[in-house]
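The structure under discussion appears below in the form of structure tokens.
Lettering of chains follows the sequences in order, A, B, ..., and the numbering in each one begins at 1. As a basis for the values below, the full set of heavy atoms in this structure was taken, side chains included, without hydrogen atoms, waters or symmetry mates.
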Amino acid sequence: MLLLPRFALAIGFASLLVGCQSEPTSQPVSLRFEAFFEGAPLACAAPARSKEGSSIELSDLRLFVHDVRLVREDGALVPVALTPDGAFQSRSVAMLDFEDGTGLCDNGSHKTHTTLEGRVAPGRYRGVRLQLGVPFEENHQNPALAEAPLDQLSMHWGWQAGYKFFRLGLHTEEGGYRVHLGSTGCAGSASHVTGCDRENRAEIAVDGLDLDSGIVALDVARLLPDKPSLGDDKAGCMGDKDDPGCPLVFTALGLDLESGSPRAPAALFGAR
Amino acid sequence: MKRSVLVVAALLLASCDAPGCGASGDRAFAWDIPPGFPKPSVPADNPMSREKVELGRRLFYDKRLSVNGETSCGTCHIQAKAFTDGLGRAVGTTGETHPRGAMSLANVAYSARLAWANPLLDRLESQALLPMFGDEPVEMGLGGHEAELLATLRDDDRYPELFRAAFPEGPEGPTIDRVTKAIACFERTLLSGGSPYDRYLAGETEALSGAQKRGMDLFFSERLECFHCHGGASFTDSMRHDKTSMEEVAFHNTGLYNVDGRGAYPSDNQGVYELTKDPKDMGRFKAPTLRNVAVTAPYMHDGSIATLAEVIAHYAAGGRTVASGPSAGVGSDSPLRSEFVAGFVITEAETNDVVAFLEALTDEAFLRDQRFSDPFSAP
């Protein structure tokens, strides 16, 4: 720097000033997510009440998202560059974390992250598209060496040599309900997965969203049967296509149970 | 004869133990390989060292590697039981029962795949994460508590120095990756090849009794065919070592269950099928090592066979019949049963001989070897 002639520095400064007066190349994005049960807010240590009157308590809600795009007013999909924060967001993957260590929530770091932060090309936007899960290129690495947010071992599914894309835990007076989702039927070895029979990456599509004041709502009631029998500790869906609790969950996520491919956007997510 | 060819091949391989020999990059490490055994394969990113082994041993037996400080790897992998725990199904630190039993770690260095029925799990370093951080079921319960564990290790009297010695390069201090690498190094040293059978192979003709010799002949006979799946130096068929270019990986359905008449196993334990969803993988499990089998009862992935004599009866029948209850079924009618489990005729005296031979696979020195024992308990 010291070697630059002074006039070159002056030109540099002038360019900066000119730059400040021209159009910004990107605008910030803060996409807020909130959890609900049949429209009532759901948080750790703040149970909701179901239509039948049961008390529903959250014990875990964590998920990965990637491939975030905003829907411009003309319908174009514009990619969002995630802002890495060394904890919940890398450039390519973000983790939404609702479990905060209170009440029954005691599974993770107790820090939460419910707003996606990033930048997008300037414009007016009315919706968002995301993929639920971790992209294949990052899903099968050694989690002990992974960068955040893929360094949280409770989100790793070592048994299937990948990550848990979505974790939900609910409790009622009758018992527990758990949903785990990840890629299954993977081949190769833990050191080198060559592919998975069921990738299980759901698509999230939310329209009619006010990007400034609106939120993306996760209504977890959509993942439960109408009359949930929560007496069995094994109630729910562990991402296994033979699990009797999974057809309903996969339908709510828009995923085909047999192929693991998305057939429709996940009904779990909506605008508020 | 199959057995002597294997021994000769193994001796040829084992003779190359001069420094610099072998591709595993651990020139400075002095393996104590049993006579006739090949050198274990070691991943390139985790070469062996005495310091890593010592750190790994301490971590292996450290109960602070569990959420409630009550369970270490050594809690379910007890040296005196060849690193099993005598339970049909293991129990985690918060009381959750695992569908399967803890597997023996004797000669785990040669295992091409770990766990009873996981075709993906090819590295000890990857396997270690499962009991530590898994929650289906909770085993050591560390999921979400990584930071606390590492703080505990950093604040300990001895670990900082042990980590520095084991990992002299790179940033100082414990990491989860270093924990799993050190434990894997320790596990790779758990080599068992000093049983009466091994001494017999080395030329000590009196090392086996008459019954044991008869049992040995039966074990390796075409009538019983035990050696088809329980063969080689480790008495298993999922094996690799330093010189293998292709690893052997095999899983078998032995007709232990047939709950639906079409070969299904109980829904909580369907073997490789649980991962691949390929119908032909229903009920397929690894053939574990038979070394030290006399001290690793009960048997099978779920501990559902109590004695070695009953194990032999299961194979003699060509698959077990479960008379009643939710798992009832005739295993020998299973269409998914391995072609090696066709059944055989065997007398009671012959069964006793085979059991006697299996008892000759117990390596007493290994079960007591101080190098593998718990450094936290007073000698």
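- Per-residue counts of heavy-atom pairs under 4.5 Å with chain A were compared for B:Ile176, B:Val249, B:Val179; the largest is that of B:Ile176.
- A pairwise comparison of heavy atoms in B:Glu146 and A:Ser154 identifies OE2-N, 4.4 Å as the closest pair.
- To the nearest 0.5 Å, atoms CH2 (A:Trp159) and CG (B:Leu130) are separated by 6.5 Å.
- In terms of heavy-atom pairs under 4.5 Å with chain B, the best-connected choice from A:His156, A:Met155, A:Arg167 is A:Arg167.
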Under the side chain to side chain contact (heavy atoms under 4.5 Å, CB included) rule, what do A:Gln160 and B:Glu274 come out as? Steps first, then yes or no, please. CA-CA 10 Å; A:Gln160 299 271 9; B:Glu274 288 184 17; over 6 Å; no

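- Annotation for B:Tyr273 and A:Asp242: closest pair OH-OD2, 2.6 Å, computed over non-hydrogen atoms.
- Comparing A:Thr184, A:Asp151, A:Asp197, A:Asp240 by how many heavy-atom pairs each has under 4.5 Å with chain B, the most go to A:Asp240.
- Atom OG1 of B:Thr180 and atom CG of A:Leu145 lie 8.0 Å apart (nearest 0.5 Å).
- Contact annotation for A:His180: only side-chain heavy atoms (C-beta onward) come within less than 4.5 Å of a heavy atom of chain B.
- Residue contact with chain B, scored on non-hydrogen atoms closer than 4.5 Å, involves the side chain of A:Met238 exclusively.
- Remark: side-chain polar atoms of A:Asn142 are not paired, donor with acceptor, to backbone N or O of B:Ser126 under 3.5 angstrom.
- Between A:Leu153 and B:Leu129, some side-chain heavy-atom pair lies under the 4.5 Å cut-off.
- Between B:Asp135 and A:Arg178, the shortest heavy-atom contact is O-NH1, 3.7 Å.
- Other residues, nucleotides and ligands place more than 12 heavy atoms under 6.0 Å from the CD atom of B:Glu148.
- Environment of NZ in B:Lys63: sparse, with no more than 12 heavy atoms of neighbouring residues, nucleotides or ligands closer than 6.0 Å.
- Using a 4.5 Å cut-off between heavy atoms, B:Arg178 makes no contact with chain A at all.
- Heavy atoms of B:Thr175 lying under 4.5 Å from chain A are absent altogether.
- Residues B:Arg113 and A:Gly188 come closest through the heavy atom pair NH2-O, 4.2 Å.
- For B:Ala147, no part sits under 4.5 Å from any heavy atom of chain A, backbone or side chain.
- Within 6.0 Å of the CZ atom in A:Arg91, the count of heavy atoms belonging to other residues, nucleotides or ligands does not exceed 12.
- Between chain B and the options A:Gly185, A:Ala144, A:Ser189, the largest number of non-hydrogen pairs under 4.5 Å is found for A:Ser189.
- For the pair B:Leu120 and A:Ala161, the tightest heavy-atom approach, listed with the atom from each and the gap, is CD1-CB, 3.8 Å.
- Considering only heavy atoms from C-beta on, B:Glu136 comes within 4.5 Å of A:Lys164 through its side chain.
- More than 12 heavy atoms of other residues, nucleotides or ligands shown are found within 6.0 angstrom of CZ on A:Arg263.
- Contact detail for B:Asp122 and A:Ala190: the closest heavy-atom pair is OD1-N, 3.6 Å.
- Of the two parts of A:Cys186, the backbone and the side chain both hold a non-hydrogen atom closer than 4.5 Å to a non-hydrogen atom of chain B.
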